[in-house]
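This report refers to the structure that appears directly beneath it.
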Number of protein chains: 2
Amino acid sequence: MTLLSTRDEDKRMPQLNRDDWIAAALTVLVEEGIDAVQVTQLSRLLEVTRGSFYWHFKSRDALLEALLAEWRARNTGVMVDALTAAQTLSEGILELFAVWVDHTRFDPRLDQAVRDWSRRADGVLKSVAQEDDNRVRSIAAFFETHGYEPTEAFIRARVIYFTQLSYYSLGVREPLTERAGFLSAYYQCFTGNSLGEGDADAFLARMARNGVST
Amino acid sequence: MTLLSTRDEDKRMPQLNRDDWIAAALTVLVEEGIDAVQVTQLSRLLEVTRGSFYWHFKSRDALLEALLAEWRARNTGVMVDALTAAQTLSEGILELFAVWVDHTRFDPRLDQAVRDWSRRADGVLKSVAQEDDNRVRSIAAFFETHGYEPTEAFIRARVIYFTQLSYYSLGVREPLTERAGFLSAYYQCFTGNSLGEGDADAFLARMARNGVST
DNA sequence: CGGGTTCCATACACCCCTGTATGTATCGCG
DNA sequence: CGCGATACATACAGGGGTGTATGGAACCCG
């Protein structure tokens, strides 16, 4: 709701611009899915008439294109970047975990919404598929640089990424303490190695400092 | 399309019954999602008027309930059954793989469609969540009976199940030969153990005999 | 101050979907 | 034969959504 701050409750904040419509559309996309992103509903939400929308956008499709562009700009490359900086295996994997829990760097709800959308829009599907491919590839490359055979690296990359996707997709919510208890088990399963206690504690401490929400 | 066989091209195959509508609705659900399951569209598909539908069903919601019941009847328990019969670890895990590739036992497209649907219908969400919980629990229990600690068993169950869910959700399609090459890597990652060559070959031979499609 | 630009309101045309009420054809069956 | 029940057709009421055409209010600016 903070996304509508420019207008909102104030009587007559000057005017809406293109980005206001996109911001509103993004929240609706995340909350209720792409089918709920309708000109009429957004107008009601922004408390203007549809006339306004059709001044800023050529059509609903134009808005949807803008949404996809926004997703690309936000969620692309975040995971890849996390890995390229890492020196050791554990550092990289833990940093990946960190990205996935840090919703300021990676927005899982938006990612999920776009993914749902993509299942019934071929154009979107292509974008998402390519992005997924990039992510898995970069994780696999990371494993390879740390001594894993190509096939094993690829499969481990898939397993770790696919697991996380389902984590989001099923909307798993569990308390931080419980999640912390799973850390080394996940690490063991994903890498085949044990996680040093020092590394685990340092990671959990860092998470606690950053105060991750879920 | 074979689902509409009772009526179909023939001039005036006697009449439609409730199951004909459900069958048509299922194909539409799988192909185009729950929003496309509309009385009007189904009528066009079955080449009758909407009057027919409202004779067989009280409302569109009644049809949707029937669809959910159909999903429950088909896809529930299949995975659980696969594990309870297994004697050894590898036997159980490989049987799980077998179920996932055998679309006559487990229908991933229907599962995925219901899952998509569930994300915007709270009642459906509950059913799916409970089913997921059962599946993960039963896999975890299987790991435990083969010597894994409870936490590790649970995480490995999650990882193996979540990975497979994403496999479906992303619609990964790869040739059988390629997939066969991944088998032992998957097994290694999921269980932490190596898969005996004999077991692998036997499994692949069995798959080939059954002639799995994808 | 007057005119152009920006932003939005109003109104209309068009389409699609649900649900209901009612008419109608076919068939089983006593 | 005639009468219910079955299965569907027809027609109407109501609602929601997209676009478009056009009018008007506020504002910038020379």
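Chain identifiers are assigned alphabetically (A, B, ...) following the order of the sequence lines, protein sequences preceding nucleic acid strands; residue numbering begins at 1 within each chain.
Considering only side-chain N and O atoms, A:H56 lies nowhere under 4.0 angstrom from the phosphate OP1 or OP2 of C:dT6. Taking side-chain N and O atoms only, B:Q41 has a distance below 4.0 Å to OP1 or OP2 of C:dC17. Put simply, B:T40 has a side-chain N or O that comes within less than 4.0 Å of OP1 or OP2 on C:dT18.
Applying the ring-ring contact (aromatic ring centres under 6.0 Å, His included) test to residues at least two apart or on different chains, the pairs with a partner in residues 35-54 of chain B are B:W21-B:F53, B:F53-B:F57.
With respect to the salt-bridge test (charged N to carboxylate O, under 4.0 angstrom), the residues A:D132 and A:R115 qualify. Ion pair B:K126/B:D122 not flagged as a salt bridge, since none of the NZ, NE, NH1 or NH2 atoms sits closer than 4.0 Å to an Asp/Glu carboxylate oxygen.
Atom CZ of B:F57 and atom P of D:dA7 are 12 Å apart (whole Å). Nucleotide D:dG16 holds its C1' atom 15 Å from the CG atom of A:L42, rounded to whole Å. We find that CH2 of A:W21 is positioned 18 Å from P of C:dT6, with the value rounded to whole Å. Here D:dA21 presents its P atom at 17 Å from CH2 of A:W55, a figure rounded to the nearest Å. If you take CG of A:L46 and C1' of C:dC7, they are 14 Å apart, rounded to a whole angstrom. What separates CD of A:E32 from P of D:dG17 is a distance of 12 Å, to the nearest Å. Rounded to whole Å, atom P of C:dC7 lies 12 Å from atom CZ of A:R18.
In this structure, B:R44 reaches the sugar-phosphate backbone alone: every heavy-atom distance under 4.0 Å involves primed, P, OP1 or OP2 atoms, never a base.
Distance from the side chain of B:T49 is smallest for D:dC8 among the nucleotides C:dC8, D:dC8, C:dC17. For A:Q38, the side-chain atoms get nearest to D:dT18 when compared with the rest of D:dT18, D:dA9, C:dC8.
Residues of residues 63-71 of chain B that place a heavy atom closer than 4.0 Å to DNA chain C do not occur.
Between the side chains of B:S43 and B:T49, no donor N or O sits under 3.5 Å from an acceptor N or O. Using modelled atom types, one finds a donor on one side chain and an acceptor on the other under 3.5 Å when comparing A:R158 with B:Y186. Side-chain contact annotation: A:N134 with A:Q130, donor-acceptor N/O pair under 3.5 Å absent.
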Would you list the protein and nucleotides 19-25 of chain C atom pairs, both N or O, that sit under 3.5 Å from each other?
| from | atom 1 | to | atom 2 | distance (Å) |
| --- | --- | --- | --- | --- |
| C:dG19 | OP2 | B:Y54 | OH | 2.8 |
| C:dG19 | OP2 | B:R60 | N | 3.2 |
| C:dG19 | N7 | B:R50 | NH2 | 2.4 |
| C:dG19 | O6 | B:R50 | NH2 | 2.7 |

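With sequence neighbours left out, the side-chain contact (heavy atoms from CB on, under 4.5 Å) criterion links A:A129 to no other residue. Applying the salt bridge (Lys or Arg N to Asp or Glu O under 4.0 Å) criterion to A:R105, with sequence neighbours excluded, gives A:E95, A:D102.
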For residues 63-73 of chain B, please give each side-chain donor-acceptor pair under 3.5 Å, one per line with the distance, not counting sequence neighbours.
| from | atom 1 | to | atom 2 | distance (Å) |
| --- | --- | --- | --- | --- |
| B:E70 | OE2 | B:R74 | NE | 3.3 |
| B:W71 | NE1 | B:D111 | OD1 | 2.9 |
| B:R72 | NH1 | B:S127 | OG | 2.9 |

